[in-house]
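Just so we're on the same page: letters track the sequence lines, and every chain starts at 1. In this text the structure is predicted, and so the values were computed from the model without any measurement.
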Amino acid sequence: MNTIRVRFAPSPTGALHIGGVRTALYNYLLAKKFHGTFILRIEDTDQNRFVPGAEEYIVESLLWCGLKPDEGPGFGGEYGPYRQSERREIYQTHIEELIRNGHAYYAFDTTEELDALREKESAAGNHNFKYDAGIRMKMRNSLRLSQGEVERLLAEGAPYTVRLKVPENQVVTVHDLIRGEVHFQTQELDDKVLLKADGLPTYHLANIVDDHLMRITHVIRGEEWLPSTGHHVLLYQAFGWEDTMPAFAHLPLILKPDGKGKLSKRDGARLGIPVFPISWAGDTPEDSFVGFREFGFDPGAVLNFLALLGWNPGTEQELFSIDELVEAFSIEKIGKGGSRFDFDKAKWFNHQYILAMPNAELARLLRPLVQAKGLDPSEKFLAAYCGLLKDRVHFLPELWEVGHYLLEPEVEMNPDAVSKKWNPDLAPALKNVTEWLSQQTSFDAEALEAGVKELINEQGIKPGALLTVLRIALAGDLKGPGVFEMMELLGKDATVQRLARALHHFNNSAS
RNA sequence: GGUCCGUUCGUCUAGGGGUUAGGAUGCCACUCUUUCACAGUGGAGACACGGGUUCAAUUCCCGUACGGACUACCA
């Protein structure tokens, strides 16, 4: 029985787009479901687009999400190296094999020559220029040139590429796990460059050779690869590897939240939402982006959200732990159409994750933010604080914004709230309540509520009026958690102190 | 332009020859509440269009429209 081996193969050209994370996730889920192997392979065959730090970024992103590769650069594995730039010789020997058996040929046409030809054809009305069977016998390649001429050029060190010799008049069939059979007429396929003039392979060659050598069983990748999959199948045939050719699954795109087209990094900046897993610091502000992590997302929520963007188990369950995703996942349930990136839904997922998280865990995550404000509450206090406020936040940093007055030593009172709700007639009642509170030995919300309400009734005033004033005294404004819950959290001393200070403040602002 | 892919509420989607076309999110209303939230209840909201096949089509087939990807010595 063959165990499943899948790979996530990004190219280190910058920050890893959230769509890439979803691709990685689906690969990971399939691997884990069948106790297979999840491989990270770095596709760095384009020297021009190489961006320093991108590989590290990709690895850090995957690890933050919890998608740890079983094999890959820095992760071990017996099929390395896992960076394509370190596999030159492998591609070289394989390309030689292809040339030997007539499936590939040397092409000496330069980029400039090809550009010029393309332009000329275009001017003549042919916008469809392809380097293919129809034209290859007119070009400078080893198919047309004499063997002596070819040998001379090679010996001279003339720059060359190696191209795939696409067979004529065949139908190539791709069995896609998501889309069913897809057919390509070879007449429509061009003679793709397999080896570039710099000696490095193109994606097309490298991905077939590596997938074969790394014993990949399933290729799960973005839809943008579907049009070139015909070439890939041809390549497997050229190498005689059809029997072990991996299964293909081409994922639908993730679309912009608004408008048309696929989600791009620009959309993130434009709409003020993250589209990358973690922040990326580029050379310029325009090339720098906030990540889901820095935005305050829980990685589990991100994965959960991403998993349901294009896939669905067919049940009505929406909240999944990673283990549940592994259990429920199947390629057959992946949809065909593109999915719009819905940030509101992502927010909702994060809210659900925050609600489900133990208070102590929330406190642990919140602590750095609180400490940055120069505060250092006890573990117990911060956990209770989180429990009191987590209902009303979507993101971790909001946990501070929404209740900071409970952590800070003093409350800043909203003057509008005070002038609107304070009435000097309430002063005696406020005083009484403060007095009563200062005499309590236990300080739990329920008992306090009963006691204070009784006291209010005795005074013959409206409960709402005084409660609102108590709220202002404790929170500084007209919103927040329950009054008595805040009292319990703050404890007797702080509560009494806040009420006393407030009374003083009210009296002064009234005069 | 060519090749390939796609199209169910605003969004994510379930479903699939006969359903009141289901859920979630967002929106609105109500309830709860001392406030803001949470929660609960309810509401508006979809099968792109045109032809076939069929007793019956949103579901199958073919077109059209619309959208997208690809069309590099980038991945």
Engineer: Do the ring planes of Phe289(A) and Phe276(A) sit parallel (below 30°), tilted (30 to 60°) or perpendicular (above 60°)?
Structural biologist: tilted
Engineer: For U25(B) versus G42(B), give the span between their P atoms, rounded off to a whole number of Å.
Structural biologist: 14 Å
Engineer: Pick base, sugar-phosphate or nothing for Val193(A), based on heavy-atom distances below 4.0 Å to the nucleic acid.
Structural biologist: sugar-phosphate
Engineer: Check every strand shown and say whether Asn128(A) touches a base, only sugar-phosphate, or nothing at a heavy-atom separation below 4.0 Å.
Structural biologist: base
Engineer: Could you check whether the side chain of Lys479(A) and the base of A37(B) have a donor-acceptor pair of N or O atoms closer than 3.5 Å, going by distance alone?
Structural biologist: no
Engineer: Would you indicate, yes or no, if A14(B) has its OP1 or OP2 atom less than 4.0 angstrom from a side-chain nitrogen or oxygen of Thr315(A)?
Structural biologist: no
Engineer: C1' atom, C66(B) versus A48(B): distance in rounded Å?
Structural biologist: 8 Å
Engineer: Within the structure shown, what part of the strands sits under 4.0 Å from Pro481(A) by heavy-atom distance: base, sugar-phosphate, or nothing?
Structural biologist: base
Engineer: Please give the nucleotide sitting opposite U53(B) as a Watson-Crick or G-U wobble pair, both distances under 3.5 Å, or none.
Structural biologist: none
Engineer: Considering heavy-atom distances to RNA chain B, does Asp198(A) or Glu181(A) have its closest nucleotide positioned more toward the 5' end?
Structural biologist: Glu181(A)
Engineer: Let's test this: given Watson-Crick or G-U wobble pairing with both distances under 3.5 Å, identify the partner of G26(B).
Structural biologist: none
Engineer: Checking base pairs now: Watson-Crick or wobble, both atom distances under 3.5 Å. What partners C47(B)?
Structural biologist: none
Engineer: When you look at CD of Glu327(A), are more than 12 heavy atoms from neighbouring residues, nucleotides or ligands closer to it than 6.0 Å?
Structural biologist: no
Engineer: Aromatic ring centroids of Phe248(A) and Trp225(A) under 6.0 Å?
Structural biologist: no
Engineer: Does Thr161(A) reach a base, just sugar-phosphate, or nothing at all? Heavy atoms under 4.0 Å.
Structural biologist: base
Engineer: Is there, by distance only and without an angle test, a donor paired with an acceptor across the side chain of Arg340(A) and the base of U11(B) below 3.5 Å?
Structural biologist: no
Engineer: Establish, with yes or no, whether the OP1 or OP2 oxygen of U3(B) is under 4.0 angstrom from a side-chain nitrogen or oxygen of Lys130(A).
Structural biologist: no
Engineer: For C28(B) versus A37(B), give the span between their P atoms, rounded off to a whole number of Å.
Structural biologist: 11 Å
Engineer: Under 4.0 angstrom, heavy atoms only, what part of the nucleic acid is Thr13(A) near: base, sugar-phosphate, or nothing?
Structural biologist: nothing
Engineer: With both distances under 3.5 Å as the test, what is the Watson-Crick or G-U wobble partner of A39(B)?
Structural biologist: U31(B)
Engineer: Does Ser339(A) reach a base, just sugar-phosphate, or nothing at all? Heavy atoms under 4.0 Å.
Structural biologist: sugar-phosphate
Engineer: Phosphate oxygens OP1/OP2 of A75(B): is one of them under 4.0 Å from a side-chain N or O of Lys196(A)?
Structural biologist: yes
Engineer: Considering Watson-Crick and G-U wobble pairs with both distances under 3.5 Å, what does A72(B) pair with?
Structural biologist: none
Engineer: Any idea how Phe295(A) and Phe343(A) line up, ring-wise: parallel (<30°), tilted (30 to 60°), or perpendicular (>60°)?
Structural biologist: perpendicular
Engineer: For Lys333(A), answer base if it contacts any base atom (sugar-phosphate contacts may also be present), sugar-phosphate if it contacts only those atoms, and nothing otherwise; contact means non-hydrogen atoms under 4.0 Å.
Structural biologist: sugar-phosphate
Engineer: Using a 4.0 Å heavy-atom cut-off, does Gly261(A) contact any base of the nucleic acid, only the sugar-phosphate backbone, or nothing at all?
Structural biologist: sugar-phosphate
Engineer: Arg118(A) side chain N/O closer than 4.0 Å to the phosphate oxygens (OP1, OP2) of A72(B)?
Structural biologist: yes
Engineer: Have a look at Leu226(A) and say if it touches a base, only the backbone sugar-phosphate, or nothing, with a 4.0 Å heavy-atom cut-off.
Structural biologist: sugar-phosphate
Engineer: With a 4.5 Å limit on heavy-atom distance, are the side chains of Asn304(A) and Tyr353(A) in contact?
Structural biologist: yes
Engineer: By the 4.0 Å heavy-atom rule, please label Arg179(A) as base, sugar-phosphate, or nothing.
Structural biologist: sugar-phosphate
Engineer: Can you tell me, in whole Å, how much space there is between the P of A44(B) and that of U3(B)?
Structural biologist: 46 Å
Engineer: Between G1(B) and U11(B), how far is it from one C1' atom to the other, in whole Å?
Structural biologist: 34 Å
Engineer: Whom does A14(B) pair with, Watson-Crick or G-U wobble, provided both distances fall under 3.5 Å?
Structural biologist: none
Engineer: Select base, sugar-phosphate, or nothing to describe what Asp109(A) touches, counting heavy atoms under 4.0 Å on all strands.
Structural biologist: base
Engineer: Of all the nucleotides listed (C70(B), G6(B), U34(B)), which has the minimum atom distance to the side chain of Pro227(A)?
Structural biologist: C70(B)
Engineer: How far, in whole Å, is G10(B) from U54(B) if one measures between their P atoms?
Structural biologist: 34 Å
Engineer: Does the pair Asp210(A) and Tyr91(A) meet the rule for a side-chain hydrogen bond (donor to acceptor under 3.5 Å, both in side chains), with working shown?
Structural biologist: CA-CA 9 Å; Asp210(A) 288 348; Tyr91(A) 307 122; 2.6 Å; yes
Engineer: Determine whether Asp176(A) and Thr229(A) make a side-chain contact, defined as any pair of heavy atoms from C-beta on separated by less than 4.5 Å.
Structural biologist: no
Engineer: Measure from NZ on Lys256(A) to P on G68(B) and round the result to the nearest Å.
Structural biologist: 10 Å
Engineer: When you measure from the side chain of Asp391(A), which nucleotide among A37(B), U13(B), A75(B) comes out closest?
Structural biologist: A37(B)
Engineer: Students often get this wrong, so: under 4.0 angstrom with heavy atoms, is Lys347(A) touching a base, only sugar-phosphate, or nothing?
Structural biologist: nothing
Engineer: When rounded to the nearest Å, what value does the distance between P atoms of U64(B) and C5(B) take?
Structural biologist: 15 Å
Engineer: Partner of U7(B) by Watson-Crick or G-U wobble geometry, both contacts under 3.5 Å, or none?
Structural biologist: A65(B)
Engineer: Under 4.0 Å: is that the gap between some side-chain N or O of Lys260(A) and OP1 or OP2 of G67(B)?
Structural biologist: yes
Engineer: Given atom NE2 of His127(A) and atom C1' of U3(B), what is their separation to the nearest angstrom?
Structural biologist: 16 Å
Engineer: Establish, with yes or no, whether the OP1 or OP2 oxygen of A72(B) is under 4.0 angstrom from a side-chain nitrogen or oxygen of Thr202(A).
Structural biologist: no
Engineer: Is the ring pair His204(A)/His232(A) parallel, tilted or perpendicular, if the boundaries are 30 and 60 degrees?
Structural biologist: tilted
Engineer: Given A75(B), C5(B), C73(B), which nucleotide is nearest the side-chain atoms of Glu223(A)?
Structural biologist: C5(B)
Engineer: State whether Lys421(A) places a side-chain N or O below 4.0 Å from either non-bridging phosphate oxygen (OP1 or OP2) of U34(B).
Structural biologist: no
Engineer: Which is true for Gly337(A) with a 4.0 Å heavy-atom rule: it touches a base, it touches only sugar-phosphate, or it touches nothing?
Structural biologist: sugar-phosphate
Engineer: Would you call the rings of Trp400(A) and His404(A) parallel, tilted or perpendicular, taking 30° and 60° as the class edges?
Structural biologist: tilted
Engineer: What nucleic acid atoms does Gly482(A) come within less than 4.0 Å of, heavy atoms only: base, sugar-phosphate, or nothing?
Structural biologist: base
Engineer: Would you kindly compare Asp342(A) and Lys192(A) by the position of their nearest RNA chain B nucleotide and give the one closer to the 5′ end?
Structural biologist: Asp342(A)
Engineer: Please state the C1' separation for the pair G22(B) and U8(B) - nearest whole angstrom.
Structural biologist: 12 Å
